[in-house]
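Here is the structure we will look at, set down as structure tokens.
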2 protein chains.
Amino acid sequence: MPIPLVTRILVADDHPIVRSGLKKIIDAQPDMEVVAEADDGAEAVKKALSDDVHLAILDVSMPKTTGIQAADELHKRKPELKLLMLSMYDSEQFLFESLKAGASGYVLKSDADQDIVEAVRRTMRGQSFLYPSAVSTLVKDFVDRGRPEEEQFDILTPRELQVLKLIAEAYTSKEIAQELVISVKTVERHRQNILDKLGMSDRVELTRYAIRRGLIQP
Amino acid sequence: MPIPLVTRILVADDHPIVRSGLKKIIDAQPDMEVVAEADDGAEAVKKALSDDVHLAILDVSMPKTTGIQAADELHKRKPELKLLMLSMYDSEQFLFESLKAGASGYVLKSDADQDIVEAVRRTMRGQSFLYPSAVSTLVKDFVDRGRPEEEQFDILTPRELQVLKLIAEAYTSKEIAQELVISVKTVERHRQNILDKLGMSDRVELTRYAIRRGLIQP
DNA sequence: GTCGCCATCGGGTCGAGGCCCCATCTCGGG
DNA sequence: CCCGAGATGGGGCCTCGACCCGATGGCGAC
């Protein structure tokens with residue numbers, strides 16, 4: 001498939017101003033154009049499938065359906081669609097999950113005004129674009145590949161996500177147990193599993209993680 | 001002082017894309033123009049004083065010097081400068097602090113693309129602009145004014161801000177004590193005072209508050 | 001079918017966090 | 001000059017969180 005003369009782009013971010021800023025930068029380029037916008041992962045999937053979109057720029061952290069989930073689904077249902085992830089955070093976990101979900105690029109919001117045009121062009125040429133320190137992260141991961149069958153990195157189960165969300169909303173274990181109609185012990189078990197999987201050690205870290213993921217608002 | 005034909009605006013936000021989005025919307029208006037940008041409160045103060053700026057749009061939550069601190073200083077040193085606060089959050093506390101710091105308007109980021117132009121025009125005319133539910137908040141506060149000398153709402157002391165920051169970075173009390181070279185008891189005393197002042201009850205809520213304030217990144 | 005993952009529930013330990021009491025010292029403002 | 005606020009420290013209380021141990025049923029993959 002040849003590279004289109006004008007790349008038709010969908011922009012998904014929950015903040016209208018960010019979309020507006022991206023649109024300004026992109027529409028100033030002769031070879032690209034924003035043809036659709038979405039403020040949530042689910043909407044992004046719908047619009048990216050129906051519209052004639054070449055490339056989707058997805059914010060990793062969006063309420064309800066995150067950018068990663070959207071990327072995953074889009075990659076399965078429309079493999080020829082290019083995916084470019086946008087994130088506030090230099091996070092190893094998000095980077096890996098994005099790449100696993102089929103993203104070709106990962107741009108930090110703090111550098112997006114400079115990087116986004118280049119990232120779109122590179123992505124459309126079939127290459128990848130990662131922000132500088134992401135490359136180091138990938139190299140480090142490559143070197144560390146000594147561990148034979150270790151889990152590499154994890155995703156939480158749906159139930160664990162529910163519990164995490166409530167923890168980050170300052171519910172106590174007892175309150176979570178009532179809310180989910182399970183025992184306190186089970187809540188604590190889930191919490192422990194989440195802490196183990198993420199390599200964290202208390203609720204404060206979980207809270208920050210939940211916010212980074214877009215599970216809750218600060 | 002007459003209203004200038006073209007309002008000269010400074011935009012301060014730590015995310016370049018947000019600045020870019022605001023600039024796009026503002027520069028599309030014939031009667032306003034972005035003449036300076038800043039990514040931090042301190043820089044905003046410097047530029048707003050030196051440049052010939054009529055109005056400053058300040059993000060409430062910025063790293064290091066927050067928008068509120070910047071507003072406070074600008075209001076003291078250049079009282080004729082109009083101040084428009086921009087925030088991610090519908091927060092009573094931030095609203096009150098902004099108004100106390102001399103801001104004429106408070107716009108939510110989620111509505112900024114629609115509200116910002118109107119807010120700038122109203123502000124330049126010497127009026128106020130608040131997002132809808134902020135008006136209700138102010139009315140409620142007015143009605144509640146029954147309490148005679150109650151502290152109304154608080155701000156944290158510098159020391160308390162230090163402690164809060166470390167708590168939100170998942171330091172334990174013991175670690176904070178070591179870091180600040182004080183006793184664990186004092187740390188817990190500070191933590192308790194912070195909780196009391198903010199009307200909160202655990203570290204998770206403090207963490208979310210610290211993030212909203214821009215004290216730390218998630 | 002067996003193995004592993006997920007979700008559920010129980011026991012126990014120990015320290016930290018959350019919530020009271022108290023006091024001292026310093027410093028700036030009325 | 002004293003008062004209040006900020007910062008510091010201590011004693012004690014009880015709950016909850018963080019980290020171990022164990023088990024069982026279900027469900028999907030190989």
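Naming: A, B, ... by sequence-line order, numbering from 1 per chain.
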Has [X] got a side-chain N or O lying under 4.0 Å from the OP1 or OP2 atom of [N]?
{"X": "A:S173", "N": "D:dG17", "result": "yes"}
{"X": "B:H190", "N": "D:dT8", "result": "yes"}
{"X": "A:T186", "N": "C:dC9", "result": "yes"}
{"X": "A:T157", "N": "C:dA7", "result": "yes"}

### Query
More than 12 non-hydrogen atoms from neighbouring residues, nucleotides or ligands closer than 6.0 Å to NZ on B:K78, yes or no?
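It does: B:K78 NZ has more than 12 such atoms within range.
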### Message
Counting neighbours of CZ on B:R125 that are heavy atoms of other residues, nucleotides or ligands and sit closer than 6.0 Å, is the number greater than 12?
### Response
yes
Nearest whole angstrom, please: distance from the [atom2] of [N] to the [atom1] of [X].
{"X": "A:K174", "N": "C:dG17", "atom1": "NZ", "atom2": "P", "result": "20 Å"}
{"X": "A:D202", "N": "C:dG18", "atom1": "CG", "atom2": "P", "result": "10 Å"}
{"X": "B:R189", "N": "D:dG10", "atom1": "CZ", "atom2": "C1'", "result": "11 Å"}
{"X": "A:E160", "N": "C:dT8", "atom1": "CD", "atom2": "C1'", "result": "13 Å"}
{"X": "A:E175", "N": "D:dG17", "atom1": "CD", "atom2": "C1'", "result": "14 Å"}
{"X": "A:Q192", "N": "C:dC6", "atom1": "CD", "atom2": "P", "result": "16 Å"}
{"X": "A:I182", "N": "C:dG10", "atom1": "CD1", "atom2": "C1'", "result": "14 Å"}
{"X": "B:Y171", "N": "C:dG15", "atom1": "OH", "atom2": "P", "result": "23 Å"}

### Query
Just checking B:R203: base, sugar-phosphate only, or nothing, at a heavy-atom cut-off of under 4.0 Å?
sugar-phosphate
### Query
Which residue lies toward the 5' end of DNA chain D, A:T172 or B:R159, if each is placed at its nearest nucleotide?
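Final value for this comparison: B:R159.
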## Note on the structure
Whichever of B:V184 and A:L195 has the more 5' nearest nucleotide on DNA chain D, that residue is B:V184
### Message
What I want to check is whether the side chains of B:S173 and B:R191 have a donor and an acceptor closer together than 3.5 Å.
### Response
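A pair is found: one side chain offers a donor N or O, the other an acceptor, under 3.5 Å apart.
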### Message
If only side-chain N and O atoms count, and only distance matters, is there a donor-acceptor pair under 3.5 Å linking B:D90 with B:Y131?
### Response
yes
### Working for ring pair (Phe, Tyr, Trp, His ring centres under 6.0 Å), residues B:Y106 and B:F129
CA-CA 6 Å; B:Y106 194 111; B:F129 184 100; over 10 Å; no
#### Entry: Under-3.5 Å donor-acceptor pair between B:K185 side chain and D:dG12 base
yes
